[in-house]
J.: 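Just dropping this structure here.
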Amino acid sequence: MSFISVFDVMGPNMIGPSSSHTAGAARISYLAQKMIEGPLKRADFILYGSFAKTYHGHGTDRALLGGIMGFSTDDMRIRNSFDIAHEKGLKFSFTPNEQETDIHPNTVDICMENEKGQKMTVRGESLGGGKVRIVDINHVQVDFTGEYSAVIVIHQDTPGVVAYITKCLSDRNINIAFMRLFRESKGEIAYTIVESDGKLPENIVPAIRENPNIHEVMIVQIVRRRIFIMDFKNANELLALCEEKNLPISEIMRIREIELGETASEIVNKKMTRVLGIMKDAAFSPIRQPVKSMGGLIGGEARKLSLHAQEKKGLCGNLLQKAITYAMATLETNASMGLIVASPTAGSAGIVPGLMLAMQEHYQFSDEEIIRALFNASAIGYLAMRNATVAGAVGGCQAEVGVASAMAASAAVELMGGSPKECTFAASTVLMNMLGLVCDPVGGLVEYPCQNRNAAGVANAIIAAEMALAGIPQLIPLDEMIQTMFTVGKKLPAELRETAMGGCATTPSACEACHICS
């Protein structure tokens with residue numbers, strides 16, 4: 001399995017509103033455009049499953065268009081990608097395909113043509129939390145995640161070609177991490193994808209092209225990854241590391257990021273500091289200046305909660321009141337295509353910052369203490385991402401709001417001096433309490449009931465953290481609860497997994513609000 005970074009969980013830093021439908025979509029098309037010699041003159045997008053049903057409300061169309069123009073997931077230009085494409089003379093189209101259903105629910109075909117007339121079709125899947133996979137190039141099945149630097153070679157399936165490619169790599173001291181060959185049929189067009197631990201030299205392209213049986217060579221450069229011993233695949237292994245090293249979950253996760261990501265400690269800390277800064281802006285701005293969402297379903301709720309508290313009429317107490325206010329505010333930022341941190345997804349982006357920022361104000365925690373707590377939260381999100389899913393289209397809202405609430409609960413326990421085991425108790429309790437929660441966005445928008453569920457998520461997190469800190473154990477350990485959540489999610493009907501075809505999305509009032517009444 002490829003390396004899952006802290007900043008895959010506590011991120012990506014992205015333009016909202018959805019990590020799978022916006023950030024993931026941008027990532028797919030960003031990788032796709034690297035596979036064809038630019039500039040492009042046309043890009044046509046065919047959308048499947050949840051993408052087909054909700055692409056406009058989620059901003060998937062803007063994100064795909066932005067990615068195809070080389071915009072990263074946090075590039076503010078994604079908001080205006082349609083206008084920018086028109087200025088560049090890039091022609092584009094979006095076509096929903098709701099007939100083909102036996103595929104991943106977040107799938108897109110990207111048909112590209114460059115100014116030389118060269119054409120290429122790439123199929124990608126958005127896996128949740130901004131993670132993606134390329135599964136088809138020119139109708140040949142492949143498997144490419146974009147996690148490692150890669151050489152993609154299109155060639156004739158003839159003897160000696162693969163040996164020639166590997167020799168070119170060996171002559172330049174390039175270490176091969178993974179190598180796969182995909183072909184249409186014997187003797188026809190084949191694709192060899194070679195992934196490397198390190199950066200690939202640009203001169204490898206002309207060298208490989210010298211072989212007459214090779215049609216095209218492309219490079220996708222990614223930051224190098226390497227496996228070290230400070231790693232864990234499940235909560236049991238995490239707890240064992242905490243005990244062995246006498247370290248909290250946050251520090252185990254931070255060291256893992258430094259070692260596996262081959263990144264200096266200062267850089268890792270700086271990146272998480274930026275995460276916290278984005279969280280603060282996303283949570284505080286709508287309280288000062290409310291903004292209406294793209295779909296018009298939400299906007300101004302956080303300010304109302306803040307004013308309500310100032311009038312001393314609140315029921316919840318200071319901590320919970322602030323937490324739900326900041327959680328709802330973050331969803332307002334997200335739904336207006338503002339900059340947020342998917343934690344682990346955009347639809348659940350308010351829960352971790354909501355609780356962390358409320359605790360910081362209530363208990364006077366420093367930024368450094370909150371940053372450590374974010375590493376703790378990332379560890380829980382990583383376990384769910386690695387062993388289950390954080391995508392609403394795969395596992396329902398329990399996989400988004402549920403996992404985010406588990407992350408927040410664990411972080412809260414560590415902040416208050418709880419043990420690593422108590423952190424996992426809190427996370428497991430949250431997942432149990434939110435088991436079966438469906439994903440039913442009204443109008444296909446990440447607005448309602450998403451914002452309300454973020455508020456409920458922080459309340460669940462506080463309850464679970466309080467129970468764990470009181471010494472109440474959890475009968476079902478976190479690893480089992482994550483697997484249970486995944487199993488339940490896969491059994492949910494498609495109508496209740498982010499397609500806007502069931503639950504709240506199909507109530508008469510919701511349909512009327514979105515002007516989609518039959």
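In what follows, every heavy atom counts, from backbone to side chain, and hydrogens, waters and symmetry copies are set aside. Since we're looking at a predicted model, the values are computed, not measured.
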J.: Does Ser343 use its side chain to pair, donor to acceptor, with the backbone of Val341 at less than 3.5 Å?
T.: yes
J.: With the side chain counted from C-beta on, respond yes when Leu65 and Phe82 share a heavy-atom pair under 4.5 Å apart, and no when they do not.
T.: yes
J.: Check whether the side chains of Arg254 and Ser265 place a donor and an acceptor atom closer than 3.5 Å, and report yes or no.
T.: yes
J.: Return yes if a side-chain donor-acceptor contact under 3.5 Å exists between Asp367 and Gln360, otherwise no.
T.: yes
J.: Please tell me if the side chains of Lys245 and Ile255 come closer than 4.5 Å, counting only heavy atoms from C-beta onward.
T.: no
J.: Is there a donor-acceptor pair under 3.5 Å between the side chain of Asn234 and the backbone N or O of Glu237?
T.: yes
J.: Hey, does the side chain of Thr499 reach the backbone of Ala494 with a donor-acceptor pair shorter than 3.5 angstrom?
T.: yes
J.: When rounded to the nearest 0.5 angstrom, what is the spacing between NZ in Lys34 and CD1 in Ile134?
T.: 12.5 Å
J.: Using every non-hydrogen atom in the two residues, find where Val291 and Ser336 come nearest and quote the distance to one decimal.
T.: CG1-OG, 3.6 Å
J.: Would a 4.5 Å heavy-atom cut-off, applied to side chains only, mark Leu339 and Asp281 as touching?
T.: no
J.: Could you work out, with ring-ring contact (aromatic ring centres under 6.0 Å, His included) as the rule, every residue matching Tyr30, not counting sequence neighbours?
T.: none
J.: Kindly check if the number of other-residue, nucleotide or ligand heavy atoms within 6.0 Å of CG (Asn246) is above 12?
T.: no
J.: Give a yes or no on whether the backbone of Ile4 and the side-chain of Arg386 come within a donor-acceptor separation of less than 3.5 Å.
T.: no
J.: Do you know which two heavy atoms are closest between Phe182 and Ile193, and how far apart they sit?
T.: CE1-CD1, 4.0 Å
J.: I'd like to check the ring-ring contact (aromatic ring centres under 6.0 Å, His included) partners of Phe71; sequence neighbours left out, ordered by chain and number.
T.: none
J.: Quick one: are Glu113 and Leu40 in side-chain contact, heavy atoms under 4.5 Å?
T.: no
J.: What is the distance from atom NZ of Lys233 to atom CG of Leu383, rounded to the nearest 0.5 Å?
T.: 11.5 Å
J.: Testing the basics here: between Ala282 and Ile340, what is the closest heavy-atom pair and its distance to 0.1 Å?
T.: CB-CG2, 3.9 Å
J.: Ignoring hydrogens and angles, state whether a donor on the side chain of Asn138 or Tyr191 is under 3.5 Å from an acceptor on the partner side chain.
T.: yes
J.: Counting N and O atoms only, with roles assigned by atom type, does the side chain of Ser410 sit under 3.5 Å from a partner on the main chain of Ala406, one being a donor and the other an acceptor?
T.: no
J.: Mark yes or no for whether Thr54, through its side chain, and Gly444, through its backbone, hold a donor-acceptor pair below 3.5 Å.
T.: no
J.: With sequence neighbours excluded, give me every side chain to side chain donor-acceptor pair (under 3.5 Å) pair touching residues 87-97.
T.: Asp44-Ser93
J.: Just by distance, do the side chain of Ser185 and the backbone of Glu188 share a donor-acceptor pair under 3.5 Å?
T.: no
J.: Leu478 versus Leu431: any side-chain heavy-atom pair under 4.5 Å?
T.: yes
J.: Under the rule for ring-ring contact (aromatic ring centres under 6.0 Å, His included), what residues qualify as partners of His86, not counting sequence neighbours?
T.: Phe92
J.: How about Ile258 and Thr263: do any of their side-chain heavy atoms sit closer than 4.5 Å?
T.: no
J.: Would a distance-only check, ignoring hydrogens and angles, find a side-chain to backbone donor-acceptor pair under 3.5 Å from Asn334 to Leu331?
T.: no
J.: Given His155 and Asn211, is the side-chain contact (heavy atoms from CB on, under 4.5 Å) satisfied, shown in steps?
T.: CA-CA 9 Å; His155 58 88; Asn211 189 301; over 6 Å; no
J.: Report yes if the side chains of Ser196 and Val151 come closer than 4.5 Å at any heavy-atom pair, otherwise no.
T.: no
J.: Counting N and O atoms only, with roles assigned by atom type, does the side chain of Asp479 sit under 3.5 Å from a partner on the main chain of Asn236, one being a donor and the other an acceptor?
T.: yes
J.: Listed by chain and number, what are the ring-ring contact (aromatic ring centres under 6.0 Å, His included) partners of Phe45, not counting sequence neighbours?
T.: Phe94
J.: Looking at Arg497 and Gly395, would you say the former's side chain and the latter's main chain have a donor-acceptor pair under 3.5 Å?
T.: no
J.: Stepwise, does the side-chain contact (heavy atoms from CB on, under 4.5 Å) test hold for Val161 with Val153?
T.: CA-CA 10 Å; Val161 173; Val153 184; 5.7 Å; no
J.: Taking atom SG of Cys242 and atom CD1 of Ile252, what is their separation to the nearest 0.5 Å?
T.: 5.0 Å
J.: Please round to the nearest 0.5 Å and tell me the distance separating atom CD1 of Ile371 and atom CG of Asn376.
T.: 14.0 Å
J.: For Gly66 and Ser81, which heavy atoms make the closest approach, and how far apart are they?
T.: N-CB, 3.8 Å
J.: Heavy-atom count around Gln118 CD within 6.0 Å, excluding the residue itself: above 12?
T.: yes
J.: Indicate yes or no: at least one non-hydrogen side-chain atom of Ile204 is less than 4.5 angstrom from one of Val217.
T.: no
J.: Taking only distance into account, with no hydrogens and no angle test, what donor-acceptor pairs under 3.5 Å do side-chain atoms of residues 348-357 form with protein atoms, sequence neighbours excluded?
T.:
from	atom 1	to	atom 2	distance (Å)
Ser348	OG	Thr345	O	3.4
Ser348	OG	Thr345	OG1	2.7
Ser348	OG	Glu400	O	3.4

J.: Please tell me whether Glu498 and Ser50 have a donor and an acceptor in their side chains that are separated by less than 3.5 angstrom.
T.: no
J.: Thr330 and Met279: side-chain contact (heavy atoms from CB on, under 4.5 Å), yes or no, with the steps?
T.: CA-CA 8 Å; Thr330 301; Met279 285 179 167; over 6 Å; no
J.: Assess whether side-chain contact (heavy atoms from CB on, under 4.5 Å) is satisfied between Met385 and Leu127, documenting all intermediate values.
T.: CA-CA 9 Å; Met385 189 178 284; Leu127 307 178; over 6 Å; no
J.: Less than 3.5 Å apart, any donor N or O on the side chain of Ser293 or Glu332 sitting next to an acceptor on the other?
T.: no
J.: In Å and rounded to the nearest 0.5 Å, what is the OH to CG distance from Tyr382 to Asp231?
T.: 4.5 Å
J.: Which heavy atom of Ala388 sits nearest to which heavy atom of Ile482, and what is that distance?
T.: CB-CG2, 3.7 Å
J.: Work out which heavy atom in Cys423 is nearest to a heavy atom in Ile249; give both atom names and the distance.
T.: CB-CD1, 3.8 Å
J.: Between the side chains of Asp109 and Tyr48, is a donor N or O closer than 3.5 angstrom to an acceptor N or O?
T.: yes
J.: How many angstroms lie between NZ in Lys271 and CD in Glu266, if you round to the nearest 0.5 Å?
T.: 13.5 Å
J.: Go through the steps for Glu115 and Lys41 under the test salt bridge (Lys or Arg N to Asp or Glu O under 4.0 Å), then give the verdict.
T.: CA-CA 5 Å; Glu115 292 185 351; Lys41 70 175 184 180; over 6 Å; no
